[in-house]
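What follows is one structure encoded as structure tokens, with my remarks underneath.
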Amino acid sequence: DSYSSGEIDEKSWKFGVNHFYERGVRLAIQLRSSGQDKLSVIEEKLIKALLQYEKKDGFMYLWLCDFYLDLGFNNSRIKYFADKTYSKGLEYLALSNHLSARAYLELSSRLYASSDQSEKSNNSLFHLAKSWAKEGNNRLSDSGAIASEFYNNAIQVLRKIPIIYRDKLGVEYEINKLRLGINEANTNAINQMVRISHTFSQEDIHEMSSIASTCSSYVSNVDSVVEAIYKFVTIAESFKRNNIIDETKKIMSQNILTSLMPSTLFSNDARIISKTTAYGFCKDSESSDDSVMNQVFQNIYNKIDFIIDIQILPALKTLLSEHRIPFGLLLDLCHQSPLIPSNRQYLFAKSLHEGFEFDFSSAIYLLTPQLENLVRVILKSHNILTTTLDLNGIEMEVGLSTLLDKKEATDIFDENLLFEFKVLLTDPRGPNLRNDLAHGLLCDGSSSSNAAIYVWWRTLKLVVESLLLSSENS
């Protein structure tokens, strides 16, 4: 009696009275038959309050219906409340009050579902999705990122509708329309982004010019073309996995923005490829690792730009000004390399030669499939299965992403090389050269990007290093 003695009104309900009534109901249920009268009194007080707020605006009616549903009161009355909340939801939707509309439509769907009215429950979900879509349309011109999020929310709601009801409501048509809307919204989001640039000081410019000059000098005045190539591949360090992750964590811990703000990564064709929570708000190690890795990729992009623009390209121009790199020489290097499969030596040599001709687009188109095959061959040589077997006994080769994710790959490959392959070739947060190439997504710019040049240089480095290791072993 004491717990259910408080007045039910908007001022007090969300400030503790709702918890008092809930406690009163729980105690009455524990009393079983002797508590039925108490339970009926509480229910009648709730019904009276519901009728009082039925025609009023606001959320009080919503809160009371939700409370009534959660505590499992009379099923026949729940059907009545479901109709009322559904009607209120549609009214708010017509007035473009989307926050209220979604709250009432979501509750009406739950009320209908609890009273075994599946069709009406799905209708509520359908209109709930409509609310998200309409608000997305309203935000499309001023904030593509928000519109994209609203469209995605609409799709997630529509996917809750069982398949058997989808044709009648035209769910698949709505989902396809929303996905086209997401494409437009993401394109708008990219166009609406503000470019943040950094102006280097004269001291920085002088230092970078000095590094570029040093790299050029390092490969200059070398009599042997083979020695010049060796110097060229040792001019920069390849990525060290642990070093770059530790460096990124240090940067993030010192930057308040990365700690407080979540991140969303877009692909070149405006697809959302990754979302992470703010680093400072990660609740578990998995989300924390995802947040760090997102920033690792941004760090890698910066490092690739530095390595290519300041070290590799200046040295390459100097090397080519003093030496001609014949195809036959590269073919001989690939033939001697213990790393290159015997039936792929020409293709590897051809791709490396295209790079020396500054045709990096052709180089990456030739090189990427050969790197995938190289990984496959190495795994097979260690008796690791690289195929799947279906029920009919048909074997299918798996893609590079799956090969690199195999547990055995971490034991076979150097961890830094494995990290580079994943970062550069298969992870959508990175250049993703293998998958973009396979799906026809590489454009003129990305096929000759700094990332593509780095993969070409890294492969040349791999071939030369394999010759040195072979020589040492012999």
Side-chain angles (χ1 to χ4, degrees), residues 57-59 61-63 66 85-110 121-161 166 169-197 256-282 287 290-291 294-295 298 428-429 441:
D57 291 332
F59 290 96
Y61 189 77
L62 177 88
W63 296 334
D66 194 18
T85 52
Y86 178 67
S87 297
K88 277 181 171 286
L90 294 183
E91 288 173 12
Y92 284 125
L93 182 58
L95 295 171
S96 295
N97 184 345
H98 295 292
L99 182 63
S100 298
R102 289 195 290 269
Y104 276 96
L105 288 168
E106 191 275 332
L107 178 58
S108 69
S109 176
R110 289 171 50 214
S121 175
N122 294 323
N123 282 334
S124 294
L125 290 175
F126 187 78
H127 284 96
L128 173 58
K130 283 284 190 182
S131 174
W132 281 117
K134 285 184 177 180
E135 192 164 14
N137 294 339
N138 294 340
R139 299 304 306 273
L140 187 59
S141 60
D142 69 294
S143 180
I146 293 176
S148 175
E149 191 69 22
F150 287 167
Y151 290 148
N152 182 61
N153 289 343
I155 290 174
Q156 301 313 316
V157 172
L158 289 173
R159 284 176 174 166
K160 293 179 182 179
I161 298 175
R166 291 187 179 183
L169 293 171
V171 169
E172 296 304 326
Y173 170 78
E174 293 295 332
I175 288 178
N176 290 336
K177 189 165 68 172
L178 287 164
R179 291 188 64 184
L180 292 174
I182 287 177
N183 293 341
E184 182 181 358
N186 288 345
T187 301
N188 287 359
I190 292 176
N191 293 333
Q192 290 160 358
M193 289 180 183
V194 177
R195 181 180 294 275
I196 299 174
S197 58
I256 190 170
L257 287 179
T258 56
S259 297
L260 298 178
M261 298 179 68
S263 64
T264 300
L265 298 184
F266 290 86
S267 66
N268 290 331
D269 57 347
R271 290 175 293 112
I272 293 177
I273 53 178
S274 177
K275 289 183 177 181
T276 59
T277 55
Y279 183 58
F281 293 92
C282 294
S287 59
D290 285 342
S291 183
N294 260 18
Q295 198 61 39
Q298 301 309 303
R429 294 170 294 184
L441 297 175

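Count residues from 1 along the sequence. In what follows, every heavy atom counts, from backbone to side chain, and hydrogens, waters and symmetry copies are set aside.
- Between Ile155 and Ile182, some side-chain heavy-atom pair lies under the 4.5 Å cut-off.
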Stepwise side chain to side chain donor-acceptor pair (under 3.5 Å) test for Tyr151 and Asn137
CA-CA 9 Å; Tyr151 290 148; Asn137 294 339; 2.5 Å; yes
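- Proximity of a side-chain donor or acceptor of Ser109 to a complementary backbone N or O of Ser121 within less than 3.5 Å is detected.
- Using a 4.0 Å cut-off between charged nitrogen and carboxylate oxygen, Glu149 and Arg139 do not count as a salt-bridge pair.
- Legend: side-chain hydrogen bond (donor to acceptor under 3.5 Å, both in side chains) pairs involving residues 175-186, not counting sequence neighbours, sorted by first then second residue: Ser148-Asn186.
- Not a single salt bridge (Lys or Arg N to Asp or Glu O under 4.0 Å) links Arg159 to another residue, sequence neighbours left out.
- Atom-to-atom distance recorded for Arg271:CZ and Leu265:CG is 12.0 Å, nearest 0.5 angstrom.
- Atom CD in Gln156 sits 8.5 Å away from atom CD1 in Ile175 (nearest 0.5 Å).
- The minimum heavy-atom distance between Ala101 and Gly89, with the atom names listed, is CB-O, 3.6 Å.
- The heavy-atom pair separating Ser100 from Phe59 by the smallest distance is OG-CZ, 3.6 Å.
- Applying the side chain to side chain contact (heavy atoms under 4.5 Å, CB included) rule to Gln192 yields the partners Asn188; only residues at least two apart in sequence or on another chain are considered.
- Going from atom NZ of Lys130 over to atom CG of Leu93 covers 9.5 Å, rounded to the nearest 0.5 Å.
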Checking Arg102 against Glu135 for the salt bridge (charged side-chain N to carboxylate O under 4.0 Å, His left out) test, could you report, in this order, the C-alpha distance in whole Å, the side-chain angles of both residues, the deciding distance, and whether it holds?
CA-CA 11 Å; Arg102 289 195 290 269; Glu135 192 164 14; 2.8 Å; yes
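- Ser108 OG to Leu90 CG: the interatomic distance, rounded to the nearest 0.5 Å, is 8.0 Å.
- Atoms CG and CZ, from Leu158 and Phe126 in turn, are 6.5 Å apart once rounded to the nearest 0.5 Å.
- Note: Tyr92 and Tyr104 meet the aromatic proximity criterion, with ring centroids under 6.0 Å apart.
- Within the 4.5 Å cutoff, the side chain of His98 has no heavy atoms near those of the Phe150 side chain.
- The two atoms that bring Leu128 and Leu105 nearest to each other are N-CD1, 3.7 Å, heavy atoms only.
- Distance CG/Asn138 to CD1/Ile146: 12.0 Å, rounded to 0.5 Å.
- Between Leu178 and Ala133, the closest heavy-atom pair is CD2-CB, 3.7 Å.
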